[in-house]
Amino acid sequence: MKDGTNLANVLIFLDCLLDTRLGTLARMSDALARRVLSAGKSGNYLEREEDAFEGVDNEEFRRLYRARDVETLKHSTITTLTTLLGDFTRTLSRIVRNRPWLHGVRILVNTWPYRLDVSTLAALRDAITLWAGGFTPVEMVDYAPDQLTPLFVKSSFDILFMYDYEEWLHMHGEAFSKTSLADVNVIVPAIYFNRRPDEKTFDELVRDGAHPFAAITMLTSGFVGLELIDVKYFSIADPGAAPTA
C-alpha cells in the first residue's frame with residue numbers, strides 16, 4: 001500500500017506486456033523479424049544478452065525503437081510475462097492476505113510513450129484484466145520516466161516492472177542519493193544496454209566472482225531493489241498460451 005487504498009500497487013510498463021522490440025523489427029521488415037526469431041542457438045532471440053541482432057542495422061533499430069508508437073504496438077505480440085500475470089497476481093494476493101493492512105493487489109499499466117485513444121485504452125485494459133485472472137483491478141496510467149522519481153515511486157508503488165531501466169537509473173542518479181528504493185522490487189530484464197563485455201573482460205569479471213548481471217544488482221542494492229530476470233519473460237510468448245481465470 002503506497003497511496004492509502006490498502007492495495008499493493010504494481011506498475012508495469014506496456015513495453016513489458018507487449019514485445020515492442022520484436023514489433024520494431026517487424027516494422028523494419030516482417031521477413032527480418034522472422035529471421036531473427038528463427039536464428040540458431042548463437043543468436044537465439046529468447047536468450048539474447050543485448051538488443052543487437054545479426055543482419056540488422058542496429059542503429060536504425062535503436063532509432064525506430066526510441067520513436068516507437070501505436071504502429072509499433074500493432075506489430076507487437078504479447079510477452080511471456082503477460083501469460084504469467086494470472087499466476088503472479090494470485091501469488092501476490094495470497095501474500096498480501098497475511099498482511100492485515102493490505103486488502104488486495106492493483107495493476108497499473110504504464111502506456112508511456114504511446115498516445116492511445118479511449119477505446120484502445122479500454123480494450124487493452126479489458127485484455128490485461130483477463131490475463132490477470134479477471135478479478136484484479138487494472139488501471140491504465142501514463143508516466144514518463146522523468147516523472148518516476150525515486151520519491152514518487154517510493155510513495156506510490158510496491159513493485160515496478162520496467163524494460164529500459166538503465167536510462168531511468170542514470171536519469172535519477174542524484175535523486176537516489178536522497179531517496180532509497182531498496183524496499184521496492186524493480187523487476188527488469190537481464191540484458192546489456194551498453195553492449196556485452198568482450199570475452200576477455202567477461203572472463204575476468206567471472207573469475208573475480210562477479211558476473212556482470214550480478215554486479216549490477218550488487219552495485220545498485222543500496223538504493224534500489226533491482227531484480228534481473230531472464231529476458232525471455234519480456235519477449236514473445238508461446239503462441240499456445242491462453243489466459244486462465
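Starting from 1, each residue takes its place in the sequence as its number.
In the hydrophobic clustering of ILVMFWY residues, with side-chain heavy atoms under 4.5 Å counting as a link, Val70 and Leu14 come out together. Both Ile12 and Ile229 sit in one connected hydrophobic cluster of ILVMFWY residues. Membership requires side-chain heavy atoms under 4.5 Å apart, directly or through other members.
The backbone N or O of Phe176 sits nowhere less than 3.5 Å from a side-chain atom of Thr179 that would complete a donor-acceptor pair. Side-chain atoms of Arg68 come within 3.5 Å of backbone N or O of Tyr65 as a donor-acceptor pair. Side-chain atoms of His75 come within 3.5 Å of backbone N or O of Glu71 as a donor-acceptor pair. Panel note: side chain Thr89, backbone Ala132; a donor-acceptor pair is recorded below 3.5 Å. A donor-acceptor pair is defined here as one N or O able to donate and one able to accept, closer than 3.5 Å; such a pair exists between the side chain of Asn58 and the backbone of Phe53. Under a 3.5 Å cut-off, the side chain of Ser155 and the backbone N or O of Phe152 do form a donor-acceptor pair. Side-chain N or O atoms of Gln147 include one that pairs as donor or acceptor with a backbone N or O of Ala144 at under 3.5 Å. Panel note: side chain Thr111, backbone Val141; a donor-acceptor pair is recorded below 3.5 Å.
For Asp126 and Thr129, the side-chain atoms include no donor-acceptor pair closer than 3.5 Å. If you check the side chains of Asp19 and Tyr45, you find a donor sitting under 3.5 Å from an acceptor.
Looking at Leu160 and Tyr165, their side chains never come closer than 4.5 Å, going by heavy atoms from C-beta outward. For the pair Val109/Val138, a side-chain contact is recorded, criterion being any heavy-atom separation below 4.5 Å from C-beta on. Thr82 places none of its side-chain heavy atoms less than 4.5 Å from the side chain of Ile128. Using a 4.5 Å heavy-atom cutoff, the side chains of Val105 and Asp158 are not in contact. For the pair Val10 and Phe157, the minimum side-chain heavy-atom distance is 4.5 Å or more. For the pair Tyr114 and Asp15, the minimum side-chain heavy-atom distance is below 4.5 Å. Residues Ile159 and Leu11 have side chains not in contact (no heavy-atom distance under 4.5 Å, counting atoms from C-beta outward). With a 4.5 Å cut-off on side-chain heavy atoms, Phe13 and Tyr163 do not count as touching.
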| request: Please step through side chain to side chain contact (heavy atoms under 4.5 Å, CB included) for the pair Leu25 and Val56, ending with a clear verdict. | output: CA-CA 9 Å; Leu25 288 169; Val56 174; 4.0 Å; yes

| request: Kindly indicate, with the supporting measurements, whether the criterion salt bridge (charged side-chain N to carboxylate O under 4.0 Å, His left out) is fulfilled by Lys232 and Asp238. | output: CA-CA 10 Å; Lys232 70 180 182 182; Asp238 181 340; over 6 Å; no

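For the residue pair Leu228 and Ala190, the shortest heavy atom distance occurs at CD2-CA, 3.9 Å. In terms of heavy-atom proximity, Pro189 sits nearest to Met162 at CD-O, 3.3 Å.
Residues passing the ring-ring contact (aromatic ring centres under 6.0 Å, His included) test with Tyr233, sequence neighbours excluded: none. Shown here are the salt bridge (charged side-chain N to carboxylate O under 4.0 Å, His left out) partners of Arg34, two or more places apart in sequence or in another chain: there are none.
The pair Glu139-Arg125 does not meet the salt-bridge criterion, since no charged nitrogen lies less than 4.0 angstrom from a carboxylate oxygen. The pair Arg21-Asp164 does not meet the salt-bridge criterion, since no charged nitrogen lies less than 4.0 angstrom from a carboxylate oxygen. Using a 4.0 Å cut-off between a side-chain N of Lys or Arg and a carboxylate O of Asp or Glu, Arg62 and Asp51 do not qualify as a salt bridge.
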